[in-house]
Number of protein chains: 2
Amino acid sequence: MNTAPDPAAAQHRWLTDEEQRVWRAYLHATTLLEDHLDRQLQRDAGMPHIYYGLLVGLAEAPRRRLRMTELAMQAKITRSRLSHAIARLEKNGWVRREDCPSDKRGQFAVLTDEGHEVLRRTAPGHVTAVRQALFERLSPEQQKALGEIMEIVAEGLQPDEAGADLPWLR
Amino acid sequence: MNTAPDPAAAQHRWLTDEEQRVWRAYLHATTLLEDHLDRQLQRDAGMPHIYYGLLVGLAEAPRRRLRMTELAMQAKITRSRLSHAIARLEKNGWVRREDCPSDKRGQFAVLTDEGHEVLRRTAPGHVTAVRQALFERLSPEQQKALGEIMEIVAEGLQPDEAGADLPWLR
DNA sequence: GGCAGCTCCTTGAAACTTGAACAAGTCGGG
DNA sequence: CCCGACTTGTTCAAGTTTCAAGGAGCTGCC
């Protein structure tokens with residue numbers, strides 16, 4: 001819409017037409033994909049995508065357990081949100097809480113056998129969905145480029161990633 | 001984690017390590033970016049990103065108005081969600097509903113002057129946030145690649161885009 | 001005209017998310 | 001040992017999203 005220098009908008013540079021196109025495509029695609037996966041998982045696994053991600057995080061952790069804060073960091077959500085989510089997953093019987101012996105404030109979220117089973121049963125469908133929506137449509141070069149781009153973007157938004165003991169989110 | 005043919009998972013091909021890396025980078029980056037923009041807009045404009053998008057959609061429409069269904073399609077959300085959202089924006093005084101004269105079922109969502117003013121005031125900050133998080137970090141080639149990739153992905157998930165009168169979402 | 005089948009949009013309840021506030025526990029310095 | 005500063009995880013209230021249901025109007029066909 002705006003590509004020439006516009007005096008009225010001089011100081012905060014607008015997006016060029018091309019940038020605009022890219023940005024809208026980005027919004028469009030990420031929205032559709034997230035919706036698609038959320039729906040797929042809600043249907044096949046009975047939980048939203050982010051909850052599924054929590055189970056995966058636990059499944060990959062040693063002894064299938066993680067401290068709440070660690071799990072929150074890995075899923076990139078707030079502790080508050082995680083508390084609610086784990087409460088729900090606990091109600092499903094897929095996760096169980098355990099006290100941390102070395103820090104009485106601490107809690108472990110532990111993947112139950114049932115939870116593991118749900119994952120085992122639903123992971124293939126989810127992977128297929130991701131594959132169909134994304135990888136099957138992109139050339140190897142595009143896949144590579146996408147990975148690089150996303151790493152750059154993430155790196156710019158993460159306060160640390162390798163660096164710090166700063167407030168880890170927000 | 002799995003790249004060799006695994007007999008137990010033979011039929012539903014897993015993700016290769018490289019695909020896995022790309023996929024995680026994608027999730028990581030899109031989550032962080034969406035959170036970042038949501039927070040930025042909540043702080044500066046008092047509304048989440050999607051609501052801001054609704055105002056933009058209206059601002060760009062002829063006479064700053066759109067039928068509910070059209071707006072929902074453009075924002076890629078359900079009509080139900082839009083109803084709630086417009087109710088909230090109406091409460092803010094940024095949008096007003098108007099009856100459609102030619103179809104008594106229909107409603108227009110109309111951007112008010114106040115709404116337009118909010119947009120005028122907050123758009124620069126938002127654009128800057130997008131620019132800083134995305135465009136400033138990517139080479140021109142990467143921007144181009146990103147645009148192409150996102151168009152492909154979106155195209156694959158949209159039932160129509162150019163084609164149809166089919167269920168437009170889902 | 002009348003009626004079945006659609007579309008338009010809204011509603012209400014339940015689920016989920018957010019941000020602030022909080023109790024409890026840890027930790028380091030005096 | 002004690003205190004202030006910080007961390008951990010939860011809770012509350014307010015806001016948002018989803019899903020299923022429904023009222024109302026349009027449309028075409030008999």
Side-chain angles (χ1 to χ4, degrees), chain A residues 31 34-43 45-54 65-73 75-92 95-110 165-170, chain B residues 31 34-43 45-54 65-73 75-92 95-110 165-170:
Chain A
T31 305
E34 183 57 21
D35 277 12
H36 180 65
L37 294 181
D38 252 342
R39 222 169 298 293
Q40 183 264 320
L41 280 170
Q42 189 69 57
R43 176 166 50 73
M47 65 190 136
H49 189 192
I50 184 99
Y51 286 35
Y52 177 90
L54 296 175
R65 73 195 53 213
L66 239 29
R67 285 287 295 272
M68 295 294 278
T69 297
E70 284 179 277
L71 184 51
M73 280 192 293
K76 267 136 334 245
I77 63 180
T78 59
R79 290 206 221 46
S80 170
R81 186 174 173 184
L82 180 63
S83 253
H84 292 295
I86 292 295
R88 195 270 220 191
L89 292 172
E90 210 170 12
K91 224 176 284 183
N92 283 295
V95 169
R96 156 171 48 85
R97 282 185 228 245
E98 256 178 47
D99 292 342
C100 173
S102 65
D103 184 339
K104 281 176 198 156
R105 294 166 307 180
Q107 291 278 100
F108 283 104
V110 186
D165 33 349
L166 302 173
W168 55 271
L169 186 56
R170 267 114 247 211
Chain B
T31 306
E34 182 57 21
D35 278 12
H36 180 65
L37 294 181
D38 252 342
R39 221 172 291 335
Q40 184 265 320
L41 280 171
Q42 189 67 57
R43 177 166 49 72
M47 65 189 135
H49 189 191
I50 184 102
Y51 286 34
Y52 176 89
L54 296 176
R65 74 194 53 213
L66 239 30
R67 286 287 293 271
M68 294 295 278
T69 296
E70 284 180 278
L71 184 51
M73 280 192 292
K76 265 135 339 242
I77 63 180
T78 58
R79 291 206 213 71
S80 169
R81 185 174 175 184
L82 181 63
S83 254
H84 291 296
I86 292 294
R88 194 272 219 189
L89 291 172
E90 210 170 14
K91 225 176 281 182
N92 283 296
V95 168
R96 157 172 47 86
R97 281 184 228 245
E98 256 179 48
D99 291 342
C100 173
S102 65
D103 184 340
K104 280 177 197 155
R105 296 166 307 178
Q107 290 276 103
F108 284 104
V110 186
D165 33 347
L166 301 173
W168 55 273
L169 186 56
R170 265 114 248 207

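Nothing here was measured: the structure is a model prediction, and the numbers come from that model. Sequence lines set the chain letters: A, B, ... in the order given, protein chains first and strands last, and positions in each chain run from 1. Just so it is clear, the values below take in all heavy atoms, side chains as well, and ignore hydrogens, waters and symmetry mates.
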Peer 1: Using only heavy-atom distances, decide whether a donor-acceptor pair under 3.5 angstrom links the side-chain of A:S80 to the base of C:dG19.
Peer 2: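 Counting by modelled atom types and ignoring angles, a donor-acceptor contact under 3.5 Å is found here.
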Peer 1: Is there a side-chain contact between A:V95 and A:L54 (heavy atoms, below 4.5 Å)?
Peer 2: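 No, every pair of side-chain atoms sits at 4.5 Å or beyond.
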Peer 1: Roughly, in whole Å, what's the span from NZ in B:K91 to C1' in D:dA14?
Peer 2: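 Taking NZ of B:K91 and C1' of D:dA14, I get 11 Å after rounding.
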Peer 1: Take the protein atom CD of B:E90 and the nucleotide atom C1' of C:dC9, then report the distance between them rounded to whole Å.
Peer 2: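 Between C1' of C:dC9 and CD of B:E90: 13 Å.
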Peer 1: Within the structure provided, determine whether B:F108 and B:R67 are in side-chain contact (heavy-atom separation under 4.5 Å).
Peer 2: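 Touching, per the 4.5 Å side-chain cut-off.
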Peer 1: Base, sugar-phosphate, or nothing: which does A:R97 touch, judged by heavy atoms less than 4.0 Å apart?
Peer 2: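 Sugar-phosphate only.
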Peer 1: From the list C:dC8, D:dT16, D:dG9, which nucleotide is the closest neighbour of the side chain of B:Y51?
Peer 2: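 Of all the options, the side chain of B:Y51 is nearest to D:dT16.
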Peer 1: Using a 4.0 Å heavy-atom cut-off, does B:I86 contact any base of the nucleic acid, only the sugar-phosphate backbone, or nothing at all?
Peer 2: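 No contact.
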Peer 1: How is B:F108 classified with respect to the nucleic acid when contacts are heavy atoms under 4.0 Å: base, sugar-phosphate, or nothing?
Peer 2: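 The residue B:F108 makes no contact with any strand.
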Peer 1: Looking at C:dA24, C:dC8, C:dG19, which one has an atom nearest to any side-chain atom of A:R105?
Peer 2: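 My answer, after comparing the listed nucleotides, is C:dA24.
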Peer 1: Give the rounded distance in Å between these two atoms: CD of B:Q42 and P of C:dT17.
Peer 2: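 Going from CD in B:Q42 over to P in C:dT17 covers 16 Å.
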Peer 1: Minimum heavy-atom separation for B:R88 and B:P48, please, with both atom names.
Peer 2: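 Looks like NH2-CD, 4.0 Å.
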Peer 1: May I ask you to verify whether the side chain of A:R81 and the base of C:dT18 hold a donor-acceptor pair under 3.5 Å?
Peer 2: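 Between C:dT18 and A:R81, which were checked side chain against base, a qualifying N/O pair under 3.5 Å is absent.
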Peer 1: Can you identify which nucleotide, out of C:dA24, C:dG19, D:dT17, has its nearest atom closest to the B:H84 side chain?
Peer 2: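 Of C:dA24, C:dG19, D:dT17, D:dT17 is nearest to the side chain of B:H84.
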Peer 1: To the nearest Å, give me how far apart CD (B:Q107) and P (D:dC26) are.
Peer 2: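 Result: 13 Å.
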Peer 1: Would you say A:D99 and A:Q107 make side-chain contact, with heavy atoms under 4.5 Å?
Peer 2: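 In short, these two side chains touch, coming nearer than 4.5 Å.
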Peer 1: Kindly say if B:R67 contacts the phosphate of C:dT7, meaning a side-chain N or O under 4.0 Å from OP1 or OP2.
Peer 2: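 No, outside the criterion.
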Peer 1: Roughly, in whole Å, what's the span from CG in A:N92 to P in C:dA14?
Peer 2: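 Rounded to whole Å, this separation is 17 Å.
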Peer 1: What nucleotide, of C:dA24, C:dC9, D:dC26, holds the atom closest to the side chain of B:K104?
Peer 2: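 Closest nucleotide among those given: D:dC26.
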Peer 1: Among C:dT10, C:dC8, C:dT26, which nucleotide sits nearest the side chain of A:D103?
Peer 2: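 Side chain of A:D103 sits closest to C:dT26.
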Peer 1: Just checking A:L82: base, sugar-phosphate only, or nothing, at a heavy-atom cut-off of under 4.0 Å?
Peer 2: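 No contact.
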Peer 1: From the set D:dT16, C:dC8, C:dC16, return the single nucleotide nearest to any side-chain atom of B:R88.
Peer 2: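 Of the options given, the side chain of B:R88 lies nearest D:dT16.
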Peer 1: Where is the tightest heavy-atom contact between A:A109 and A:M68, given as atom of each residue plus distance?
Peer 2: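 Reported closest heavy-atom pair: CB-SD, 4.1 Å.
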Peer 1: State, to 0.1 Å, how close A:I50 and A:R81 come at their nearest heavy-atom pair, and which atoms those are.
Peer 2: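 That would be CG2-NH2, 3.8 Å.
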Peer 1: Calculate the interatomic distance between A:R39 atom CZ and D:dT17 atom P; express it in whole Å.
Peer 2: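 Atom CZ in A:R39 sits about 13 Å away from atom P in D:dT17.
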Peer 1: What is the distance from CE of B:M73 to P of C:dT7, rounded to the nearest Å?
Peer 2: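 Rounded to whole Å, this separation is 12 Å.
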Peer 1: Which comes earlier along DNA chain D counting from the 5' end, the contact point of A:D38 or that of A:S83, where each point is its nearest nucleotide?
Peer 2: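 Looking at the nearest nucleotide for each, A:S83 comes out on the 5' side.
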Peer 1: Measure from CD on B:E34 to P on C:dT17 and round the result to the nearest Å.
Peer 2: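 Value for this atom pair: 14 Å.
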